[in-house]
Trainee: 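One structure coming up, written as C-alpha cells, with questions to follow.
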Protein chains: 2
Amino acid sequence: MSETADGLLRALADPLRARIIELLAGEQLCTCHLVELTGARQTNLSNHLRVLREAGLVEPQPAGRYTFYRLRPEALTSLADHYAALADRARSAAQLRRPCA
Amino acid sequence: MSETADGLLRALADPLRARIIELLAGEQLCTCHLVELTGARQTNLSNHLRVLREAGLVEPQPAGRYTFYRLRPEALTSLADHYAALADRARSAAQLRRPCA
DNA sequence: GCGTTTAATCAGGATGTGCTGATGTCAGAA
DNA sequence: TTCTGACATCAGCACATCCTGATTAAACGC
C-alpha cells in the first residue's frame, strides 16, 4: 500500500479522531467547539488534532486566538480511490488461486 | 462513522494486514503462501488473518488441509464509498464556519 | 501593563496491540 | 493406526497508543 494511505488509515482508525473528521465534514470548527461536541478534554483533543494534522487530513486555520480546523477532502478522496481500485483488482482476480507446492 | 466502517479501518490500519490485503487482491492464497510472501511467522499470520476475517475483509476457503483466503471486494467498496461521500460532504460545506461564542 | 482565554506541549500512568514459543486440532499419506 | 504437515489457539512479554494533569505560549480585553 502507498505509505500515505497507511498514514491516513492509522490516523482515522481511532473512534475520537473518526468523530472529529465527521464533524469537520459538515463545517469548520475551532477546538473549543470540538471540546463541547465530543466531550473530550482540551489536551486530549489537541493531541488527536496533531495526529490528524500530520496525516494531512485536517488543516489549522488560525483566526485571532481561535484555531479553526478544516477538513482536506483530497485526503479522503485519495483514500477512497485507493480502495476502490483495490476492490476492482480483486474482482478481476477473484477466480485466480495460486497452487500449493 | 458507521461502526462497520470503523471495524474495517481498525483491521486495515496495520502494515502486515494491509500487505495481506494487497496480496489477496491479486489472487487467492493459502496461509503457507502468505508465510513465504511476507516473511512473517505462521502464528503471527494466523492471528492477523483472524482479525481480517472478523472484520469481514477476507473469507477462508478450506481446501483439504490447506486454507485459501479470498478478499471480499464488497468490504473495500463500502469503505471507499463511505469516504468518497464524506469528501463530497466536506467539499459542499467547505466555506461554513461555526461562529465562536 | 495585567489577567483571562485559547490551545499547544510535556511527562506520567494505564490500557491495547502485536509478536513469540508452545500446544492443540484436523486432514492426508505411509 | 501412526506420522507428518497445515493451521488455529493460548499465555506471556514487549512495545505503542491513548488519556490525564501540569505547564507554556500567544492573543485579546481590561
Side-chain angles (χ1 to χ4, degrees), chain A residues 1 3 6-21 23-24 28-71 97-101, chain B residues 1 3 6-24 27-71 97-101:
Chain A
M1 121 153 35
E3 57 289 339
D6 180 71
L8 292 179
L9 270 187
R10 296 284 206 88
L12 286 170
D14 174 88
L16 182 47
R17 289 199 289 268
R19 175 104 182 94
I20 293 171
I21 292 297
L23 290 169
L24 291 181
Q28 292 186 24
L29 297 167
C30 75
T31 307
C32 59
H33 289 142
L34 291 169
V35 166
E36 51 174 299
L37 289 171
T38 64
R41 312 280 174 126
Q42 179 267 323
T43 297
N44 191 12
L45 234 78
S46 196
N47 284 330
H48 284 296
L49 285 169
R50 188 166 59 86
V51 174
L52 293 172
R53 215 186 308 136
E54 290 174 351
L57 275 162
V58 304
E59 204 171 30
Q61 312 223 289
R65 62 174 159 172
Y66 299 102
T67 304
F68 282 86
Y69 279 89
R70 83 168 197 92
L71 182 58
R97 175 180 288 192
R98 181 182 297 209
C100 263
Chain B
M1 125 152 33
E3 59 288 339
D6 180 71
L8 292 179
L9 270 187
R10 295 286 205 86
L12 287 170
D14 173 89
L16 182 49
R17 289 199 290 267
R19 175 104 182 92
I20 293 171
I21 292 297
E22 282 215 340
L23 290 169
L24 291 180
E27 56 185 329
Q28 293 184 25
L29 297 168
C30 73
T31 309
C32 59
H33 289 141
L34 291 169
V35 165
E36 50 174 299
L37 289 171
T38 64
R41 313 280 174 126
Q42 179 266 324
T43 297
N44 190 13
L45 259 152
S46 195
N47 283 330
H48 284 295
L49 284 168
R50 187 167 61 85
V51 174
L52 292 172
R53 216 185 309 138
E54 289 174 351
L57 274 163
V58 304
E59 204 171 30
Q61 311 221 290
R65 61 174 162 174
Y66 300 102
T67 304
F68 282 87
Y69 279 89
R70 83 167 197 91
L71 181 59
R97 177 179 286 192
R98 181 181 298 207
C100 263

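Since this is a predicted model, take the numbers as computed values, not measurements. Scope of the values below: all heavy atoms of this structure, side chains included, with no hydrogens, waters or symmetry mates.
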Trainee: Taking atom P of C:dG18 as reference, at what distance in whole Å does atom CD of B:Glu54 sit?
Mentor: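 These atoms are roughly 12 Å apart.
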Trainee: Can you find a side chain N or O atom of B:Arg50 that sits less than 4.0 Å from OP1 or OP2 on D:dC7?
Mentor: no
Trainee: Anything under 3.5 Å between a protein N or O and an N or O of nucleotides 19-23 of chain D, put it in a table, one pair a line.
Mentor:
from: D:dC19; atom 1: OP2; to: A:Asn44; atom 2: OD1; distance (Å): 2.9
from: D:dC19; atom 1: OP2; to: A:Asn44; atom 2: ND2; distance (Å): 3.3
from: D:dC19; atom 1: OP2; to: A:His48; atom 2: NE2; distance (Å): 2.3
from: D:dC19; atom 1: O5'; to: A:Asn44; atom 2: ND2; distance (Å): 3.4
from: D:dT20; atom 1: O4; to: A:Asn47; atom 2: ND2; distance (Å): 3.4
from: D:dG21; atom 1: OP2; to: A:Arg41; atom 2: NH1; distance (Å): 2.9
from: D:dA22; atom 1: N6; to: A:Thr43; atom 2: OG1; distance (Å): 3.0

Trainee: If you measure from CG on B:Leu12 to CG on A:Asp6, what distance do you get to the nearest 0.5 Å?
Mentor: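 So the gap between those two atoms works out to 10.0 Å.
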Trainee: Under a 3.5 Å distance rule, please check whether A:His33 uses its side chain to pair with a backbone N or O of B:Pro99 as donor and acceptor.
Mentor: yes
Trainee: Can you measure A:Leu52 atom CG to C:dA8 atom C1' for me and round it to whole angstrom units?
Mentor: 15 Å
Trainee: Calculate the interatomic distance between A:Phe68 atom CZ and C:dT6 atom P; express it in whole Å.
Mentor: 12 Å
Trainee: Enumerate donor-acceptor pairs with a distance under 3.5 Å from any side-chain N or O in residues 53-60 of chain B to protein atoms, sequence neighbours excluded.
Mentor:
from: B:Arg53; atom 1: NH2; to: B:Tyr69; atom 2: OH; distance (Å): 3.4
from: B:Glu54; atom 1: OE2; to: B:Arg50; atom 2: NH1; distance (Å): 3.4
from: B:Glu59; atom 1: OE1; to: B:Arg70; atom 2: NE; distance (Å): 2.8
from: B:Glu59; atom 1: OE1; to: B:Arg70; atom 2: NH2; distance (Å): 3.4

Trainee: Once you round it to whole Å, what is the distance between P of D:dA6 and CD of B:Glu36?
Mentor: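 Rounded to whole Å, this separation is 11 Å.
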Trainee: Within this structure, what is the CG-CD1 distance for the pair A:Leu49 and A:Ile20, rounded to the nearest 0.5 Å?
Mentor: 5.0 Å
Trainee: Go through the structure and list residues passing side chain to side chain contact (heavy atoms under 4.5 Å, CB included) with B:Arg65, not counting sequence neighbours.
Mentor: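 Testing B:Arg65 for side chain to side chain contact (heavy atoms under 4.5 Å, CB included), a comparison that skips the adjacent residues, returns none.
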Trainee: What is the distance from CZ of B:Arg10 to C1' of D:dC18, rounded to the nearest Å?
Mentor: 11 Å
Trainee: Can you figure out which of C:dT9, C:dA7, D:dT9 approaches the side chain of A:Arg53 most closely?
Mentor: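 Of all the options, the side chain of A:Arg53 is nearest to C:dT9.
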Trainee: Using the side chain to side chain contact (heavy atoms under 4.5 Å, CB included) rule, take B:Leu34 and B:His48 through it: C-alpha gap first, then chi angles, then the decisive distance, then the call.
Mentor: CA-CA 11 Å; B:Leu34 291 169; B:His48 284 295; over 6 Å; no
Trainee: Nearest whole angstrom, please: distance from the C1' of C:dT17 to the CG of A:Leu9.
Mentor: 16 Å
Trainee: List in chain and number order the residues that pass side chain to side chain contact (heavy atoms under 4.5 Å, CB included) with A:Ala13, two or more places apart in sequence or in another chain; answer none if no residue qualifies.
Mentor: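 A:Ala13: side chain to side chain contact (heavy atoms under 4.5 Å, CB included) contacts with B:Leu9, B:Arg10, B:Ala13.
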Trainee: With rounding to the nearest 0.5 Å, note down the distance linking CZ in A:Arg17 to CG in A:Leu45.
Mentor: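 That separation rounds to 11.0 Å.
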Trainee: Would you tell me if any nitrogen or oxygen in the side chain of A:Tyr69 comes within less than 4.0 Å of OP1 or OP2 on C:dT6?
Mentor: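 No, A:Tyr69 has no side-chain N/O under 4.0 Å of OP1/OP2 on C:dT6.
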Trainee: How does protein reach along nucleotides 25-30 of chain D, written 5' to 3' as B (base within reach of a heavy atom under 4.0 Å), S (only sugar-phosphate), or - (no contact)?
Mentor: --SS--
Trainee: Would you please name every residue forming a side chain to side chain contact (heavy atoms under 4.5 Å, CB included) with A:Ser46, sequence neighbours left out?
Mentor: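 Testing A:Ser46 for side chain to side chain contact (heavy atoms under 4.5 Å, CB included), a comparison that skips the adjacent residues, returns A:Gln42.
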Trainee: Report the distance from atom CG of B:Leu49 to atom C1' of D:dA6, rounded to the nearest whole Å.
Mentor: 13 Å
Trainee: Looking at every strand, decide which applies to B:Thr31 at a 4.0 Å heavy-atom threshold: base, sugar-phosphate, or nothing.
Mentor: sugar-phosphate
Trainee: Using whole Å, what does the distance between atom P of nucleotide D:dC7 and atom CD of B:Gln61 come to?
Mentor: 14 Å
